Amino acid sequence: MTEAVNAAPYGRDRRPFLRRLASASEPYLYSAPALILIVTVMLVPLVIGISYAFRDITLLDPFSGGFIGLDHFRALAKDKTFWQALKNTVYWTGYSVALQFCLGLILALLLDKPFRGRGLAQALCFLPWAVPSFLSGLNWAMLFNPIVGPIPHWLFGLGLMDAPDNLLSSPDHAMWGPIIANVWWGIPFFAITLLAALQSIPRDLYEAAAIDGATPFQRFRSITLPFLAPTIAITVMLRTVWIANFADLIVVMTNGGPADRTQIVASYIFTTAFRRLDFGYASAIAMVLLALLLVYSMLIVLLRQTLLRER
Amino acid sequence: MASIDIKDVRKAYGSVKILHGVDLTIQDGEFVVLVGPSGCGKSTLLRMIAGLEDISAGEIKIGGKRVNELDPKDRDIAMVFQSYALYPHMTVAGNMSYSLRLRKTAKEKIASAISGAAEKLSLTPLMERRPKALSGGQRQRVAMGRAIVRSPKAFLFDEPLSNLDARLREHMRGEIKKLHQDLGATSIYVTHDQIEAMTLADRIVAMNAGIVQQVGSPLDLYDRPANLFVAGFMGSPAMNMFEGTYRATDGAPRVELGQGVTVALAGPASTADGARVTLGIRPEHVVVGKNEPESIPAQIDLVEPTGFGTILHANAFGSDVKAFSLERGLAARGDTVSVSFPVERIHLFDTTTGSRIG
């Protein structure tokens, strides 16, 4: 900064050329390591990946690799599996986020109240988050399996199922298997972030509202919710993007089946790229998903800005 | 408006006792200040009156009606918090009207109530702002506005001026006093600042360690403190306290302070000859420089000019004697002077029990 002050404000800069070059390149040199890292590990692969979408790249075909323009996208528009997967993605993401959020918020509100052993309860509630998603997928698949798992027998006992069958093989309800696993796994994320936001709300406000005559529900609506709104906006956005892209549980538990009924776009990309080895087509699907999620994120960011301005 | 009766109210968190039985009756329209050091239980008592803390034992009545089991909203009181506790998502008007809206008051009534309050507190041009766009003093006024729109039975103030700078505090102190004179509402005000207590109160309740030490008018507490705690807490610079031995032989009651210094008393104290006593005298009552028969030689250690007057610290009979004088240039550091304690200004306390004995 002192360099800038030393430079003459008017007329020609009289410093030697090398000094001027050094001070001009200073900011670039400082940011270079980070930029180089980002470019090599993120931007270059991204550009190559995007270029795949316009090329015919099939790993097992040595003659592939040619530029084919928008052919992949044309095929995509007519691909029934893709449209089914898109619908499934909305279903999967919507229910997972909504349930994770609601249960996470309830958990956060409960953990915000002081009680004996709260520290231990908090630690235990956050445990699922530490379980690798792959492992929790396997666990839940076993729980849903009527041969080794108890859940089908419970559902049968409760009269919710006609026979203790595997939920994951039912074409109509298979999606609920991964959704339940995902909800169990993702509640702590909302609970942690919302609890942190809850604890930053001054207690005085609740007391003032209690004296003003607000019922607990009115206090929640006029104090808690406005305070949480920006956090809710950002966490819901992050979770939506993650869950829409999150194929682990589905690949592990149902592998998209039965008959593509649990195939979401992310798992469809995975299957297309790594099972059929059609990288070009997979990349085209990924680009569509990327575009959709970008639009969605922009909307949420705008919403958050408005909420923050109101504070 | 209503009176408030507090009968043998106690508070304990598990085995930790915060309040040891407080009895207090507050008249309709009275301004009572609870004063004491941090942790003396004054805020706890206020929060129990508000209904924000459970009452472990005893009874609180507002307007003759027992409120122990009532929710804060059913006690018909209003509270001003130290942090103001304004709702950040609502405008000034929204903050002030919130309680009325919750009570489903008619729109026209709300409008007239908040415009009246806004006028009283000169908030009218700020009504559409949000709290974050207001200064500390303005927020403070909104918090008071929120309290007065409802015309509650009583106002509770929990150190409302602590977050303001000295000048603004002085100004708002005046506003609160004026407001009380206008509205004539029963008010309970908690503070640790004895100047606020002295200037605002009709009656002061001095508290320490969960026990009420003295209840009385501000000048009562100042002129006749009931014990060593009140004597030391009220007044700035603080009262001089010297330990000594009480002597009442040959009909001349006096206190021996050590190094051969003896101070005569106006009359006999209610204690035995030879008892350990503490003699108190306010710095402004210490006379410096006059060579009277009773005067004690002293050496000036420190001179603190305050502009308004001068505080002299003098060393006499092995103790630090503070004297406050409106005169300037009375003495300089190192000077040898004489100090004397006028008999009618002397307070005498029992050193072990701390209570006043003369």
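Quantities reported herein were computed from a predicted structural model and do not represent experimental measurements. By convention in this document, chain letters (A, B, ...) are assigned in the order of the sequence lines, proteins followed by strands, and residues within each chain are numbered from 1.
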Let me know if [X] has heavy atoms under 4.5 Å from chain A in its side chain, its backbone, both or neither.
| X | answer |
| --- | --- |
| B:A147 | neither |
| B:R150 | side chain |
| B:F81 | side chain |
| B:L156 | neither |
| B:L52 | side chain |

Mark yes when over 12 heavy atoms from residues, nucleotides or ligands other than [X] sit less than 6.0 Å from its [atom1]; otherwise mark no.
| X | atom1 | value |
| --- | --- | --- |
| B:K177 | NZ | yes |
| B:N68 | CG | yes |
| B:E170 | CD | no |
| A:W83 | CH2 | no |
| A:Y95 | OH | no |
| A:F115 | CZ | yes |

Expected contact set for residues 194-225 of chain A against chain B at heavy-atom separation under 4.5 Å reads A:D204, A:L205, A:E207, A:A208, A:A209, A:A210, A:I211, A:D212, A:G213, A:A214, A:Q218, A:S222, A:I223
